[in-house]
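First comes the structure, then the notes that go with it.
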Amino acid sequence: MARLLDELDLPKALKHLTLDQLQQVAGEIREEIIDTVSKTGGHLASNLGVVELALSIHTVLDSPKDKIIWDVGHQSYAHKILTGRLERFPSLRQYGGISGFPRTDESPHDVYNTGHASTSISAALGIAKARDLRREDYSVLAVIGDGSLTGGMAFEALNHAGQLGTDIIVILNDNEMSIARNVGGLASYLSRIRTEPHLLRVRQRLDQIIKGIPIIGEDVSESVRRFKGSLKYLVVPSMLFEDLGFTYLGPLDGHDMPLLIYTIQQAKAKGGPVLIHVVTKKGKGYSPAEEDPRAFHGVSGFRVPSGKILASNSHKSMSEAFGEALVAAAAKDPRIVAITAAMPDGTGLSPFMKKYPNRFFDVGIAEGHAVTMAGGLASQGFIPVVAIYSTFLQRSYDQIVHDIALQGLHVIFAVDRAGLVGEDGPTHHGNLDIAFLRSIPGMTVMAPIDEDELVAMLDFALDMKGPCALRYPRLCAADKEKKRECPPVEHGKGVLLEDGRDVAIIALGSMVYPSLDAAEILKTEGISAAVVNARFAKPVDEPLILEIAAKCKKVLVVEEASVVGGLASEVADILCKNVEWKVQFAGLGIPDDFVAHGPRDVLLAEYGLSPDGIAKAAMRLCKPKGHVKSSRDAVHQAKSAVEGVT
Ligand SMILES: Cc1ncc(C[n+]2csc(CCOP(=O)(O)OP(=O)(O)O)c2C)c(N)n1
């Protein structure tokens, strides 16, 4: 049977559908999402939970004239399907395909790029004020999850919106989950609202009212006029949101489209800041995801009938190795405590959480608070280990500077997902950490080449004084037969792995094994390459660099990080200070640009951060004017395996 989804002129046509037709479209969208994400990977459970919500919003609003902002944006798949991207949907998160997050350059219906949590209300408020200043007339609506509402910025925006009093609709999508179960006083507060008997009665009364009115179009507007007085049934006085200056409507069943459509209409008619609290089921409509929304929050591929998740890689991840090592260290030292900002699974801290619940803190999506809380613990003699993805650590820059480094506090930052993360794309790549951490006085920055070195570096960091960051990607596995010994870690000391005459490759962290492979390729070209494992991005091993540069006269620095402010710039500084040798130098890293989404190995190859690319860069140094023979084209070689999803 032909799908309605293929026939309708969306999103406009939604306004003319019956409830049965809307429900049919909801089912078709769910199937499309499940089918696609099973192949491409992505944020399955969050998206299945908001299908009715997206349909209801687009039924009432008139996008792109009306502006819809999806917080984090990981739940925007139904919105994408409804706004002209059905055909391209199978290319979700693929290289050259559509993004897994809203992108203004992808569609006029995506009015604001998102990817990091808790930004939607601020952005919506800015857009609403722009509308007011120009005396224009459109609705602005932000959808934010209960997890993302734990981020401080969301509260800052709620606080300000209440003061400004402008027309803005915030839909709080409450599914009781962040990635893991949502945490904190706010989560308990929402849970109380959901279950309060008085409110249950209000909802029953409201259901009766809604059942009596037609679903959409003019009829609803008419009903809204008739039921203007009924708004009081939706308003619960003296609540947090009311006190902040919002009209609060809810809590509502977020899968009940007539109720949602009616309430969004009501919110539009009411004006001022309105918060609609909807309760949804994460993973709705696909039982494996309903049963385990945590596992299906972000998945690689899976088999649709059974729900069996296909492992993206059999190697132990760096995150797991870190988590296990921290548990072992904590057994020996009771001062060790661990902090995550809503990512216990992704950062590998779940075993620590289970083993040492009293020494483990999930602070919610609150990276700034996580860091300063670590500072407080460190000031009292504890050794906090804060595990945060590189991209989200950007949120806590001032806290690292002001609350940790300035006071010389011993806090360890486990900077996971450093470098290119793959399919999640530019909002999630972690290529700036070296640049922003290196510039902080007193900071030590290390990058391990594999799990063994990560464990050795963690032990070293735990014994150190002062702030220290370890940065690593999720996977950094070397084939067993290629695996290098891990000599003891010494502060600011690198390791010469391969001696050579013609060119020195100074590699950091994840780029060390590819550089060793590059040295093999170079051998076949008759070039003898030295390979240094830099280990430290700060302090850098100046004596070793000078020694190897003096010998080879050509230096190539390779790092999976931005070339601006990275290790290469530090090495260039060192070499410049020693002008008596004429050293030829090149840096290979991530260019000064935002990197698109796609498989990590494809992206790395695109920037020359593959064995072949590194070898080519080294050859360019050695044979600057000559023809550089390519052993193979790494971009086309790269597999398109799906990497992890945050
Ligand atoms: C600043 C920041 N920290 C962490 C994350 C990782 N992250 C992505 S989605 C998510 C949970 C969001 O929960 P919620 O808003 O309730 O949405 P749900 O997936 O439950 O619908 C987290 C922690 C992020 N995107 N941004």
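Values reported hereafter were calculated over all heavy atoms of this structure, with side chains retained and with hydrogens, waters and symmetry mates removed. Each ligand, and each atom within it, is numbered from 1 in the order the structure gives.
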Would you mind running through ligand 1 and noting each atom that sits below 4.0 Å from a heavy atom of [X]?
{"X": "G147", "value": "13 (O), 14 (P), 15 (O), 16 (O)"}
{"X": "G145", "value": "14 (P), 15 (O), 16 (O)"}
{"X": "R395", "value": "1 (C)"}
{"X": "H116", "value": "25 (N), 26 (N)"}
{"X": "H297", "value": "9 (S), 19 (O)"}
{"X": "N175", "value": "18 (P), 20 (O), 21 (O)"}

Working note: S562 + N431, criterion side-chain hydrogen bond (donor to acceptor under 3.5 Å, both in side chains); need CA distance, chi angles, decisive distance, verdict. CA-CA 5 Å; S562 173; N431 44 326; 5.4 Å; no
Option whose closest heavy atom lies nearest to atom 18 (P) of ligand 1, chosen from R181, H428, K282, Q75: K282
Determine the sole option in R417, R474, Q394 for which the side chain to side chain donor-acceptor pair (under 3.5 Å) test with Y389 is passed. R417
Under the salt bridge (Lys or Arg N to Asp or Glu O under 4.0 Å) definition, can you give me all pairs with a residue in residues 74-85, not counting sequence neighbours? K80-E106, R85-E106, R85-D110
Side-chain contact, heavy-atom cut-off 4.5 Å: F155 with L186? yes
Is there a side-chain contact between V111 and I69, using heavy atoms and a 4.5 Å cut-off? yes
Looking only at distances, please establish whether an N/O atom of ligand 1 is found under 3.5 Å from an N/O atom of [X].
{"X": "A117", "result": "yes"}
{"X": "H74", "result": "yes"}
{"X": "I365", "result": "no"}
{"X": "F392", "result": "no"}

If you measure from each non-hydrogen atom of I179 to ligand 1, which part falls under 4.0 Å: side chain, backbone, both or neither? both
We want to know whether Q94 and S91 form a side-chain donor-acceptor pair, criterion being a heavy-atom distance below 3.5 angstrom. no
Under the ring-ring contact (aromatic ring centres under 6.0 Å, His included) criterion, do F101 and H43 qualify, and how do the steps go? CA-CA 10 Å; F101 295 89; H43 292 94; 5.8 Å; yes
List for me each residue that meets salt bridge (charged side-chain N to carboxylate O under 4.0 Å, His left out) alongside D167, sequence neighbours excluded, and say none if there are none. none
Contact with ligand 1 for G346, non-hydrogen, under 4.0 angstrom: no
Please determine whether any non-hydrogen atom of S178 lies less than 4.0 Å from an atom of ligand 1. yes
Name of the residue among K282, K281, R194 meeting salt bridge (charged side-chain N to carboxylate O under 4.0 Å, His left out) with D174: R194
